[in-house]
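What you see is a predicted model; the values in this text were computed from it and never measured.
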Amino acid sequence: MGKVKLLPIIVFLLSFFSLLISLKLFWNLGVFVDEYGLSADIVNGGDLWLSMDWLRLLLLLLLCIVSGMSIFKGEQNK
């Protein structure tokens with residue numbers, strides 16, 4: 001096992017923690033919507049912003065996957 005660059009690990013950890021925070025906030029939105037009988041698009045300000053919320057989760061997931069793969073790919077090339 002050679003030297004592992006620190007930057008890809010930091011990028012992965014930041015993206016992973018951002019994904020966890022966004023998932024928890026989205027979960028809390030769902031709980032709020034359920035308790036008060038609203039819909040998520042009303043709370044987010046419309047269908048567009050609800051779609052942007054879903055898109056943010058998808059992009060963070062893709063960022064975690066790509067940054068995680070870059071850690072292991074960089075390790076194998078050495």
Side-chain angles (χ1 to χ4, degrees):
M1 192 175 219
K3 283 174 66 175
V4 179
K5 291 187 176 182
L6 193 59
L7 185 62
I9 294 173
I10 291 172
V11 170
F12 173 73
L13 289 175
L14 287 174
S15 62
F16 182 71
F17 288 130
S18 297
L19 178 63
L20 289 179
I21 291 168
S22 291
L23 284 171
K24 182 62 178 168
L25 289 172
F26 200 69
W27 180 269
N28 287 343
L29 173 72
V31 170
F32 175 79
V33 162
D34 186 46
E35 287 180 358
Y36 288 92
L38 299 171
S39 72
D41 62 339
I42 292 173
V43 175
N44 276 332
D47 287 330
L48 174 70
W49 295 111
L50 179 61
S51 299
M52 293 298 117
D53 220 358
W54 280 105
L55 183 63
R56 180 188 64 204
L57 290 175
L58 176 67
L59 291 175
L60 282 172
L61 177 66
L62 291 174
L63 181 64
C64 284
I65 291 170
V66 169
S67 63
M69 287 172 46
S70 72
I71 292 171
F72 296 113
K73 182 181 177 187
E75 224 175 67
Q76 290 174 354
N77 287 341
K78 292 182 179 185

Query raised in the report: L7: which other cluster members, linking ILVMFWY side chains closer than 4.5 Å, directly or transitively?
Result: V11
Query - Pairing residues for I65 by the side-chain contact (heavy atoms from CB on, under 4.5 Å) criterion, not counting sequence neighbours - result: L61, M69
Identify every side-chain donor-acceptor pair in residues 36-43 under 3.5 Å, counting partners at least two apart or on other chains, and give the distances.
| residue | atom | partner | partner atom | Å |
| --- | --- | --- | --- | --- |
| S39 | OG | D41 | OD1 | 2.3 |

Report task. Quick one: list whatever passes ring pair (Phe, Tyr, Trp, His ring centres under 6.0 Å) with F17, sequence neighbours left out. Result -> none
Query raised in the report: Got a second to check how far C64's SG is from L13's CG, nearest 0.5 Å?
Result: 9.5 Å
Query raised in the report: Can you list every salt bridge (charged side-chain N to carboxylate O under 4.0 Å, His left out) pair that touches residues 11-40, not counting sequence neighbours?
Result: none
Query raised in the report: Heavy-atom distance under 4.5 Å between the side chains of L25 and I21, does that happen here?
Result: yes
Query - Any pair counted as salt bridge (charged side-chain N to carboxylate O under 4.0 Å, His left out), so long as it reaches residues 42-59, sequence neighbours left out - result: D53-R56
Query raised in the report: L60 and W54: same hydrophobic cluster, using ILVMFWY side-chain contacts below 4.5 Å?
Result: yes
Query raised in the report: In chain order, what residues pass the side-chain contact (heavy atoms from CB on, under 4.5 Å) check against I10, with sequence neighbours excluded?
Result: L6, L14
Requested in this report: Check whether F12 and L20 end up in the same hydrophobic cluster, where Ile, Leu, Val, Met, Phe, Trp and Tyr are linked by side-chain heavy atoms less than 4.5 Å apart.
Outcome: yes
Requested in this report: Would you give the length of the straight line joining atom CG of L58 to atom OG of S51, rounded to the nearest 0.5 angstrom?
Outcome: 12.0 Å
**Report entry** Sequence-distant partners of W49, ring pair (Phe, Tyr, Trp, His ring centres under 6.0 Å), two or more places apart
**Finding:** none
Report summary line: Sequence neighbours excluded, the answer for side-chain contact (heavy atoms from CB on, under 4.5 Å) partners of L23 is L19, L57
Query raised in the report: Hydrophobic cluster mates of W27, side-chain heavy atoms under 4.5 angstrom, ILVMFWY only, any path?
Result: V31
